[in-house]
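Just so you know, residue 1 is the first one in the sequence shown, and it goes up from there. These figures come from a predicted structure and were not determined experimentally.
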Amino acid sequence: MNFQPTEPFVAAPGLTNEHAQTIYANLVRSRHVPPLRRERRELPDGDFVDLDTFDGPTGAPHVVALHGLESSSRAGYITAILRGAAERGWGATALNFRSCSGEPNRLARTYHSGHIDDALGLLRDLRERATGPLFAVGFSLGANVLCRLLEDQGEDAPVKAAASVSAPYDLDACCKKLDGPGPIHLVYRERFLRTLKGKARAKLKRFPNAFDGRAMEAARTVRAFDHAVTAPLHGFDSAEHYYAESSAGPRLHAIRKPTLLISAEDDPMLESPVIPLAAKDNPHLSVVLTRHGGHVGFVAGHAHRPRFWAEDQVLEYFATHR
């Protein structure tokens, strides 16, 4: 069934620009959350991830949320999903990827755009325990992870329905955009590289031969960092090899669970087409492409009283699959 949004996206007055949408949303989203409990999930390889979670009543849906690059369960778009689930009487769990919960992970490897095992293990466990339908939503990097998981698992994916918001379906093209010219893209790039390099320096102190520290320090682009750090840490030959193996875009035809894809045509971190055109050929996918919205922005309403359209539509989509 093709999902039709309950209302069209109309950018808040004064916030139609893609950078305004992206930056304003990041600054003003509420971080308020319902009462949560922190749980540590031990992983088969000896590492761990931390979860922030709450339960709904018996039979209620449960939503799992995956965050973006160098973010966490405290991201405003994640807390919006948690609040929305609580308001509907559902349960929810936010997964913090390795090294993203405020505590360094144990191993040299961390997380990346194509690593699905941690999220898959969590979803399988929750599916075993759930008394109601299980849903999952990912944002940005987390959306690519979720789509790769759905592609890999096909009919066996342990969710009833899923949603992807502002996914970088083509990682190579995404890095070309992020590493491109202009002061705003420099701001985006430097924001990511600052925390990525900080974590990488700490890794080298614990694992001196994990990767080339000089190449990491010299990296001025996301691609250079991925080539120096992400690729060798996770068994890839190069940044290009990592992007090719981890991009969800070329494999969207393999998804067999109902999945909502939301993106904006003006996403400042993605090259056009931001959603692969072939996605429309998969009847399991509902494609919603807006003219404006930026990257995980989608600020509607008014600047002084914003509403976050994408998160609202994700929850509406899940409600149709209860």
Is D47 salt-bridged to R109, going by a charged N under 4.0 Å from an acidic O? no
What residues form a side-chain contact (heavy atoms from CB on, under 4.5 Å) with R214, not counting sequence neighbours? D212
Do any N or O atoms from the side chain of H295 and from the backbone of E18 form a donor-acceptor pair under 3.5 angstrom? no
Do N282 and H253 pair up side chain to side chain, a donor and an acceptor below 3.5 Å, judged on atom types alone? no
Show your reasoning for whether salt bridge (charged side-chain N to carboxylate O under 4.0 Å, His left out) applies to R37 and D55. CA-CA 10 Å; R37 66 178 183 272; D55 300 319; 3.1 Å; yes
Applying a strict under-4.5 Å side-chain criterion to I, L, V, M, F, W and Y, I'd like to know whether F225 and Y242 cluster together. no
Between S113 and Y243, is there a side-chain donor-acceptor contact under 3.5 Å, judged purely by atom types and distance? no
Can you confirm whether more than 12 heavy atoms, excluding those of H241, are under 6.0 Å from its NE2 atom? yes
Using only atom types and a distance under 3.5 Å, with no angle test, would you say the side chain of Y111 pairs donor to acceptor with the backbone of E70? yes
Minimal heavy-atom distance between T131 and P57, with the atoms involved, is OG1-O, 4.4 Å
Using only heavy-atom distances, determine whether the side chains of S140 and Y77 contain a donor-acceptor pair under 3.5 Å. no
Carefully, step by step, assess V145 and D118 under the rule side-chain contact (heavy atoms from CB on, under 4.5 Å). CA-CA 10 Å; V145 171; D118 298 350; over 6 Å; no
When you measure from the side chain of K257 to the backbone N and O of A162, does any donor-acceptor pair fall under 3.5 Å? no
Between R74 and D52, does at least one N-O distance fall below 4.0 Å, as a salt bridge requires? no
Contact list for residues 82-93, test side-chain hydrogen bond (donor to acceptor under 3.5 Å, both in side chains), sequence neighbours left out: T53-T93, H62-T93, T79-R83, R88-E316
When you compare the side chains of N96 and S73, does any donor N or O come within less than 3.5 Å of an acceptor on the partner? yes
I'd like to know if R148 pairs up with D152 as an ion pair, taking the criterion as any Lys NZ or Arg NE/NH1/NH2 lying under 4.0 Å from an Asp or Glu carboxylate oxygen. no
Is it true that a side-chain atom of R223 and a backbone atom of A219 form a donor plus acceptor pair closer than 3.5 Å? no
Note, L123 side chain near L149 side chain (heavy atom, < 4.5 Å): yes
How would you list, by chain and number, every residue that makes a ring pair (Phe, Tyr, Trp, His ring centres under 6.0 Å) with H185, sequence neighbours excluded? H19, Y188
Side-chain heavy atoms nearer than 4.5 Å, only ILVMFWY residues, links allowed to pass through others: does that put I184 and M269 together? yes
Checking W309 side chain against G293 main chain: does a donor-acceptor pair fall under 3.5 Å? no
Any link between L204 and L196 through a network of hydrophobic side chains (Ile, Leu, Val, Met, Phe, Trp, Tyr) touching at under 4.5 Å? yes
Please name the residue in the list H115, H227, H112 that meets the ring-ring contact (aromatic ring centres under 6.0 Å, His included) test with F236. H112
Just by modelled atom types, is the A60 backbone N or O under 3.5 Å from a matching donor or acceptor in the R322 side chain? no
Just wondering, more than 12 heavy atoms not from R201 lying within 6.0 Å of its CZ? yes
NZ (K280) with more than 12 external heavy atoms under 6.0 Å: no
Could you tell me if K203 and N105 have a donor-acceptor pair between their side chains, going purely by distance under 3.5 Å? yes
L171 with L277, same ILVMFWY side-chain cluster at under 4.5 Å: no
Kindly say whether E217 contributes a backbone atom to a donor-acceptor pair with the side chain of R220 at under 3.5 angstrom? yes
Could you check whether the rings of F9 and F298 sit parallel, tilted or perpendicular, using 30° and 60° as the cut-offs? perpendicular
Are any side-chain N or O atoms of R189 and backbone N or O atoms of T221, one a donor and one an acceptor, separated by less than 3.5 Å? no
Are L66 and F192 grouped together when hydrophobic residues (ILVMFWY) are joined by side-chain heavy atoms under 4.5 angstrom apart? yes
Salt bridge (charged side-chain N to carboxylate O under 4.0 Å, His left out) for R256 and D156? Distances and angles first, verdict last. CA-CA 8 Å; R256 290 294 178 269; D156 295 326; over 6 Å; no
Does R206 use its side chain to pair, donor to acceptor, with the backbone of R106 at less than 3.5 Å? yes
Taking the side chain from R305 and the backbone from A303, do they hold a donor-acceptor pair closer than 3.5 Å? no
